[in-house]
2 protein chains.
Amino acid sequence: MADVARHAGVALGTVSNVINNPAKVAEGTRLRVLDSIAALGFVRNNLARSLAAGSANTLGFVIVDIGNSLFVDIARGAQKAAGERDMKLLLANSDVDLDSQNEYLDLFDEARVSGILLAPLDAPLDGAAKVRSHGRAVVLVNWPGEPGESCGVVVDEELGGYLATRHLLDSGRSRLLFAGGPLTLHAVEQRYAGARRAVDESGGAATLELLETDRLTVPAGLRVGHEIAGRSVDDRPDGIFASADALASGCVQALIYGGINVPADIAVIGYDNNHFAADSVVPISTVGQPGIEMGRIAAELLLEETDPSQPHSHRTVVTEPSLIVRASTKPAG
Amino acid sequence: MADVARHAGVALGTVSNVINNPAKVAEGTRLRVLDSIAALGFVRNNLARSLAAGSANTLGFVIVDIGNSLFVDIARGAQKAAGERDMKLLLANSDVDLDSQNEYLDLFDEARVSGILLAPLDAPLDGAAKVRSHGRAVVLVNWPGEPGESCGVVVDEELGGYLATRHLLDSGRSRLLFAGGPLTLHAVEQRYAGARRAVDESGGAATLELLETDRLTVPAGLRVGHEIAGRSVDDRPDGIFASADALASGCVQALIYGGINVPADIAVIGYDNNHFAADSVVPISTVGQPGIEMGRIAAELLLEETDPSQPHSHRTVVTEPSLIVRASTKPAG
DNA sequence: CTGTTAGCGCCTTCAT
DNA sequence: ATGAAGGCGCTAACAG
């Protein structure tokens, strides 16, 4: 930086101003300094900048599973929101491993990032608490904030379950089946609760069978589909709500394989709006989480919490999922 | 850090040594300092550390598409290799956007990371050249290194195409069809060349039809499958090499939908070892890239280039894909 | 093995 | 609008 100053024939402080407070320096000088910067291939040392300034222009995002498209969408949304405030977003993949998650939390802590976004795995949040105790803001993503401790962004899973089921009912289906599990998973349980509510509202006009699976994968869905295809026609549902697209995809494939027509015989709706759903012989209706929006909101909450000039109270924002109708639930008949 | 020193009743330099050169300090003192660190919730400021030490313990990885499982695998491998040398790996998603890619390159440059891994998009590598001109090492991933300029790690696509086709031939198929495109994509063209080679080696016992697609997606695969299902039986191939699993998945779905038996009537093999292939009614054979290994190699090349105590000459490491046999190519008959 | 000291590169008052 | 000086928190090299 001193080199640049010498090259441009100005003082070191002026170069600093050209970079950080362009308005404070005369047009001519500014241009001359800029030229020197280019000529010398100068790159501001962010380490020193952040050290001296006491704050970084970077946000960290620790992701539980980078293979999951929802989190990729969230990252995109957060990236965009951060970019609008001239902040950069760095990612770290904890890979569904608690130790790894805590390590990356520490890494961002040591790197003095401005704030941290955390999509946690279903485990104690000690690591986050530790980072927070150092005064670094942590916003939970796809996880409720801890009351009075941190912000969070979640999706209303119950509503999603309701929407999916309501849609099956509206399409003229009445013998419904909910597939998914294990029910100990909060999201699955909530989606089932929503399904339950929709059916209860129908006042006895519809039934809901529960078929719990051990996982939410394509193979599990294949098993579900095969099981149903093996039933006598009368015992089959006419509408299936698979609580994840992977499950729905397997289910649809196995049903078709078994000679059952989707959606004429059985309508199927999934959940998550993964590529699984769209990329199927029979495109599968689904419920989508607003990943990009979630990321944007999370980043904004974090930026707000980080900004000392702004009052901030911790809160959990609940976003709404939305119904995406495709061929797999076209009305019966 | 001064606080810790005071609390432990030692000098500031000792605290530094406890953290960085534990061997250089007496056991008792070390423990006492460690206690103080815990008691005070001290977190070493990595910015200051890197600034003072002149080098960071962090690697950056700019990824073209974080939604692609190959890159996720590569990230895992790189993460592991880096971890073994006490280095951390930070990720950035350029999202198939050149500007974004260059921005993240600059970000890592400013952050003075120890080195950068770049899985580039198919576009000029100016950004990488710029960073390199600042003396920061860049290793190209899934892209050949620029001779004399940088290292790279790639997969032998031609070999992969050969393996897939060889496997179809070995399974007793002879009327082969290669689906994929556009052929302007380097990887597709190479895979086709490998297929060509395998068929040529058969000495006229087999034929290879080329069906170029405009994309490598499930919908494109569906179109391929529907097209083939629409042919008269005699005109159909008995073995299909789809140059991507997404394509193969769509193809298999459409064939089954059209009443064709896979693999009895037509064997299908994909490429990439994505979940698409495994998660299919008929599990699809495929060719897998050694993502984890690629990541590990890339990180090691980078670390070697970064280490001034070691001689280094730029090179491109070519890794070998491997055949993964599943149900979709079980021998005819 | 311990304590002291001089920067790492930059930002930010402060005077000019 | 500009130049000079102090310090951000830490490491490394030195003298004890």
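So you know, we letter chains A, B, ... as the sequences are listed, proteins then strands, and number each from 1. Since we're looking at a predicted model, the values are computed, not measured.
Residues satisfying the salt bridge (Lys or Arg N to Asp or Glu O under 4.0 Å) test with B:E293, not counting sequence neighbours, are none. Taking A:R136 as the reference, A:D109 meet the salt bridge (Lys or Arg N to Asp or Glu O under 4.0 Å) condition, with sequence neighbours excluded. Residues passing the ring-ring contact (aromatic ring centres under 6.0 Å, His included) test with A:H134: none are found, sequence neighbours excluded. Evaluation of the side-chain contact (heavy atoms from CB on, under 4.5 Å) rule for A:E84 yields A:K80 as partners, not counting sequence neighbours. Remark: A:R76 engages A:D73, B:D95 in a salt bridge (Lys or Arg N to Asp or Glu O under 4.0 Å) (not counting sequence neighbours).
Tested against B:L117 for a side-chain contact (heavy atoms from CB on, under 4.5 Å), the candidates B:I63, B:L89, B:I74, B:L91 yield a single pass: B:L89. Each of B:D272, B:N142, B:N273 was scored for a side chain to side chain donor-acceptor pair (under 3.5 Å) with B:Q289, with one residue passing: B:D272.
For the pair A:L47 CG and D:dG9 P, the computed distance is 15 Å after rounding to whole Å. Atom CG of A:L51 and atom C1' of D:dC8 are 4 Å apart (whole Å). Atom CG of A:L12 and atom P of D:dA5 are 12 Å apart (whole Å).
Position along DNA chain C of the nearest nucleotide to B:G9 versus B:A48 favours B:G9 as the more 5'-ward residue. The nearest heavy atom of DNA chain C to B:A11 and to B:A53 marks one nucleotide each, and the one closer to the 5' end goes with B:A11.
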N/O-N/O pairs, protein side and nucleotides 14-16 of chain D side, under 3.5 Å:
none

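Chain B approaches DNA chain C within less than 4.0 angstrom (heavy atoms of the protein), and the contacting nucleotides run 5' to 3' from C:dC1 to C:dG9.
Rotation axes derived from the C1' atoms of the five outermost pairs at either end of the helix from C:dC1-D:dG16 to C:dT16-D:dA1 lie 30° apart, to the nearest 10°.
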Pairs of donor and acceptor atoms involving the side chains of residues 301-308 of chain B, under 3.5 Å and at least two apart or interchain, shall be tabulated with distances.
residue: B:E304; atom: OE1; partner: B:R315; partner atom: NH2; Å: 3.0
residue: B:E304; atom: OE2; partner: B:H312; partner atom: ND1; Å: 2.9
residue: B:E304; atom: OE2; partner: B:R315; partner atom: NH2; Å: 2.7
residue: B:T306; atom: OG1; partner: B:L302; partner atom: O; Å: 2.7
residue: B:D307; atom: OD1; partner: B:S309; partner atom: N; Å: 2.8
residue: B:D307; atom: OD1; partner: B:S309; partner atom: OG; Å: 2.8
residue: B:D307; atom: OD2; partner: B:S309; partner atom: OG; Å: 3.2

Using atom types as modelled, flag every donor-acceptor pair under 3.5 Å from a side chain in residues 50-62 of chain B to any protein atom, sequence neighbours excluded.
residue: B:S50; atom: OG; partner: B:N46; partner atom: O; Å: 2.9

Do any side-chain atoms of residues 2-26 of chain A form donor-acceptor pairs under 3.5 angstrom with protein atoms, and if so which ones, sequence neighbours left out?
residue: A:D3; atom: OD1; partner: A:R6; partner atom: NH1; Å: 3.3
residue: A:N20; atom: ND2; partner: A:S16; partner atom: O; Å: 3.2

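A donor-acceptor pair is defined here as one N or O able to donate and one able to accept, closer than 3.5 Å; no such pair exists between the side chain of A:E320 and the backbone of A:D156.
Listed in residue order, the members of residues 16-30 of chain A having a heavy atom less than 4.0 Å from DNA chain C are A:S16, A:N20.
Looking at B:K88 and A:E103, a side-chain N of the basic residue comes within less than 4.0 Å of a carboxylate O on the acidic one, giving a salt bridge.
For the pair A:L105 and A:K130, the minimum side-chain heavy-atom distance is 4.5 Å or more.
Residue A:G54 is out of contact with every strand shown, counting any heavy-atom pair closer than 4.0 Å.
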